[in-house]
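Counting begins at 1 with the first residue of the sequence.
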Amino acid sequence: MLKKMLLHVCCANCVLHPYETLKNDFDVTLYFYNPNIHPDKEYDKRLSCARQAAEKYGLTLIEGPYDKNNWLDMTYDYRNDPEGANRCEVCFNIRLEKTAVFAAENGYDIFATTLSVSPHKNSKIINNTGKMLSEKYGVEFFEADFKKQDGFKKTMLLSKELDLYRQNYCGCVYSIRN
Ligand code: SF4
C-alpha cells in the first residue's frame, strides 16, 4: 500500500512536474495553503488554477484558510528584505507548519511541498524547515529539490499544455514591488 502524502501546493504550475515524479510512489492529496498571496483577486485566480490541476489529475484538493493578516503580521519585520532572504524563510515556515499540522492531525504518513521546483527558492532552506517541522509534529517529511533535472522547465511545459494561468511574481505584496 502506498504511503499517504499531503503535498503542499504553492500554485498549480508548480505541482505538475513534482506530482509526475511522486505519483507512482505515494497516494497524494493536494493542500493549498498560501496566505502570502496578494491581492485577494490573485489568490482567487491561483486557487482556481489549483482546482483545475487537481481535477485534471483526479486528486483531492484540500483548501486551507486564507489567513493573510496573520501572514502579514509574522513577516512585517522582514518587509524590506529582498526576495530569497529572511522573509521567505519565515514564509516557508508558515506554510509548511500548517501543512505539517494538518498532516499529523489527519492521518497522513508524510508531507511535502512543491516550493522547491522554483529556481528562485532555496531548497536547502525548504528542506531544513520541513525536517524541523517533521520532528516537531511527528510526521515524516519528503525532502526534495524538484528544480533538478530541468524540473522547472518540465513543469512550465506541462502548464502550457494545460493552458494554466502563469503569474509573474512570487505572491506576496513585497514581491510585486520587486
Ligand atoms: S517573495 Fe515569495 S517566498 Fe518570499 S515572502 Fe514573498 S511570497 Fe513568500
* Does the gap between the ring centers of F142 and F26 come in under 6.0 Å? ->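 Ring centroids of F142 and F26 are less than 6.0 Å from each other.
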* Under 6.0 Å between the ring centres of F32 and Y66? ->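 When the ring centroids of F32 and Y66 are compared, they turn out to be at least 6.0 Å apart.
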* Carboxylate-amine/guanidinium proximity below 4.0 Å for R46 and E42 -> yes
* **Test: K3 and E140 ion pair at under 4.0 Å** =>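 Between E140 and K3 there is a salt bridge, with a charged N closer than 4.0 Å to a carboxylate O.
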Under 3.5 Å: donor-acceptor pair, side chain of [X], backbone of [Y]:
X: S159; Y: T155; result: no
X: N127; Y: A144; result: yes
X: D150; Y: K153; result: no
X: K147; Y: K121; result: yes
X: S118; Y: L115; result: no
X: N34; Y: L47; result: no
X: K136; Y: E97; result: no
X: D81; Y: R87; result: yes
X: T114; Y: C10; result: yes

* Cation-pi check, R51 onto Y165 ring (under 6.0 Å, within 45° of axis) ->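 No, cation not above the ring by the 6.0 Å, 45° rule.
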* At what distance, to the nearest 0.5 angstrom, does NZ of K160 lie from CZ of R166? ->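 Rounded to the nearest 0.5 Å, the NZ-CZ separation comes out at 6.0 Å.
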* side chain to side chain donor-acceptor pair (under 3.5 Å) assessment of E105 paired with Y137 -> CA-CA 9 Å; E105 289 178 349; Y137 294 104; over 6 Å; no
* **CA sep, side-chain torsions, deciding dist, call: D67, Y33, side chain to side chain donor-acceptor pair (under 3.5 Å)** => CA-CA 9 Å; D67 45 359; Y33 176 65; 2.9 Å; yes
